[in-house]
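Keep in mind it's a predicted model, so treat the numbers as computed, not measured. Below, read A as the first sequence line, B as the second, and so on, with proteins coming before strands; counting in each chain starts at 1.
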Amino acid sequence: DAGITQSPRHKVTETGTPVTLRCHQTENHRYMYWYRQDPGHGLRLIHYSYGVKDTDKGEVSDGYSVSRSKTEDFLLTLESATSSQTSVYFCAIRGYSTDTQYFGPGTRLTVL
Amino acid sequence: TQLLEQSPQFLSIQEGENLTVYCNSSSVFSSLQWYRQEPGEGPVLLVTVVTGGEVKKLKRLTFQFGDARKDSSLHITAAQPGDTGLYLCAGEDGDYKLSFGAGTTVTVRA
């Protein structure tokens with residue numbers, strides 16, 4: 001158990017509404033990541049963080065923003081959700097001294 | 001475009017048979033990781049390989065990292081129904097970001 005929780009685990013929302021997903025870690029790891037998983041694509045990186053208030057874009061960042069005001073929490077926001085953002089979202093953490101990412105249980109988001 | 005190409009996409013075998021999953025890329029990675037994912041759960045790390053030519057064994061699973069650190073393979077000997085799942089390879093770059101393959105869905109029939 002890598003000490004990662006995600007909330008909510010399931011969410012259904014309507015097109016155009018804002019949505020925030022939360023990732024919480026108890027490991028005090030420096031690096032945190034948000035991915036989305038869609039059939040046929042594996043996992044694709046949305047945004048990542050390499051420290052408090054230090055974030056950068058990943059492969060599929062359009063339509064998403066992130067914030068990290070403290071080490072343990074990494075928030076992913078969809079400012080105005082679209083149906084193309086229906087997906088399963090995973091958070092991951094990585095310690096500086098390890099060479100491995102550990103994943104949370106995922107959030108299934110449906111945008112109607 | 002997927003940075004890492006996994007093959008095959010689907011694999012269905014009988015219990016007791018062997019299987020191999022391949023992960024290929026034109027990019028060099030600082031490390032390569034294999035994950036296994038079950039429905040409704042997050043990926044779980046199986047192994048990390050770092051050195052070119054490295055071979056790691058985990059019970060009936062054998063992982064190999066290519067000499068040039070661009071490709072890898074996962075071999076399962078005498079597969080069991082409990083090996084059923086989605087297998088994902090991922091390469092890490094120098095900025096600690098992972099690029100994933102699309103995954104191989106393995107089904108082992110009893």
Side-chain angles (χ1 to χ4, degrees), chain A residues 1-10 21 23-25 27 29-51 54-61 66 87-109, chain B residues 1-10 21-25 27 29-52 54 56 58 63 65 69 72 74 85-106:
Chain A
D1 185 2
I4 312 168
T5 56
Q6 292 184 232
S7 59
R9 293 292 315 278
H10 301 271
L21 308 183
C23 177
H24 179 78
Q25 61 150 328
E27 307 296 316
H29 283 327
R30 178 181 176 187
Y31 296 90
M32 299 186 74
Y33 307 81
W34 276 108
Y35 295 87
R36 60 177 289 173
Q37 185 174 31
D38 305 289
H41 289 279
L43 281 85
R44 292 179 292 174
L45 182 65
I46 305 171
H47 281 281
Y48 66 103
S49 171
Y50 45 95
D54 290 325
T55 65
D56 207 346
K57 296 179 180 180
E59 177 188 355
V60 289
S61 60
V66 290
S87 187
V88 181
Y89 292 85
F90 288 99
C91 174
I93 62 174
R94 185 193 194 283
Y96 186 73
S97 59
T98 69
D99 52 13
T100 299
Q101 290 188 21
Y102 296 95
F103 286 80
T107 295
R108 182 172 293 277
L109 175 67
Chain B
T1 302
Q2 213 74 41
L3 199 60
L4 281 162
E5 297 292 333
Q6 270 187 253
S7 61
Q9 186 177 358
F10 299 97
V21 178
Y22 298 94
C23 179
N24 297 298
S25 175
S27 301
F29 296 106
S30 57
S31 70
L32 196 136
Q33 301 168 21
W34 284 93
Y35 293 83
R36 180 167 164 266
Q37 185 179 21
E38 299 201 24
E41 300 181 6
V44 176
L45 181 74
L46 294 174
V47 77
T48 300
V49 284
V50 178
T51 305
E54 183 176 4
K56 280 191 174 179
L58 187 67
F63 304 87
F65 200 15
R69 289 160 54 207
S72 181
L74 157 62
L86 176 66
Y87 290 82
L88 295 158
C89 68
E92 185 175 70
D93 65 16
D95 293 326
Y96 305 134
K97 300 194 305 291
L98 287 179
S99 295
F100 279 83
T104 297
T105 299
V106 172

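For the residue pair Gln37(B) / Tyr35(B), no side-chain donor-acceptor distance below 3.5 Å is found, with atom types taken as modelled.
One N or O on the side chain of Gln6(A) and one on the backbone of Tyr89(A) form a donor-acceptor pair closer than 3.5 Å.
Of the atoms belonging to Glu92(B), it is side-chain heavy atoms, and not backbone ones, that fall under 4.5 Å from chain A. Of the two parts of Val44(B), neither the backbone nor the side chain holds a non-hydrogen atom closer than 4.5 Å to a non-hydrogen atom of chain A. For Leu98(B), the parts lying under 4.5 angstrom from a heavy atom of chain A are both the backbone and the side chain. For Tyr50(A), no part lies near chain B; criterion is any non-hydrogen pair under 4.5 Å. The contact between Arg9(A) and chain B is made entirely by side chain atoms (from C-beta outward), counting heavy-atom distances below 4.5 Å.
Legend: salt bridge (charged side-chain N to carboxylate O under 4.0 Å, His left out) pairs involving residues 42-51 of chain B, not counting sequence neighbours: none detected.
Interface check for chain A: of the options Ser99(B), Pro43(B), Ser30(B), the most heavy-atom pairs under 4.5 Å are formed by Pro43(B).
In this structure, Arg94(A) satisfies the cation-pi test against Tyr96(B), with its NZ or CZ atom closer than 6.0 Å to the six-membered ring centre and inside 45 degrees of the ring normal.
Ring geometry for Tyr48(A) versus Tyr33(A): interplanar angle under 30°, hence parallel rather than tilted (30 to 60°).
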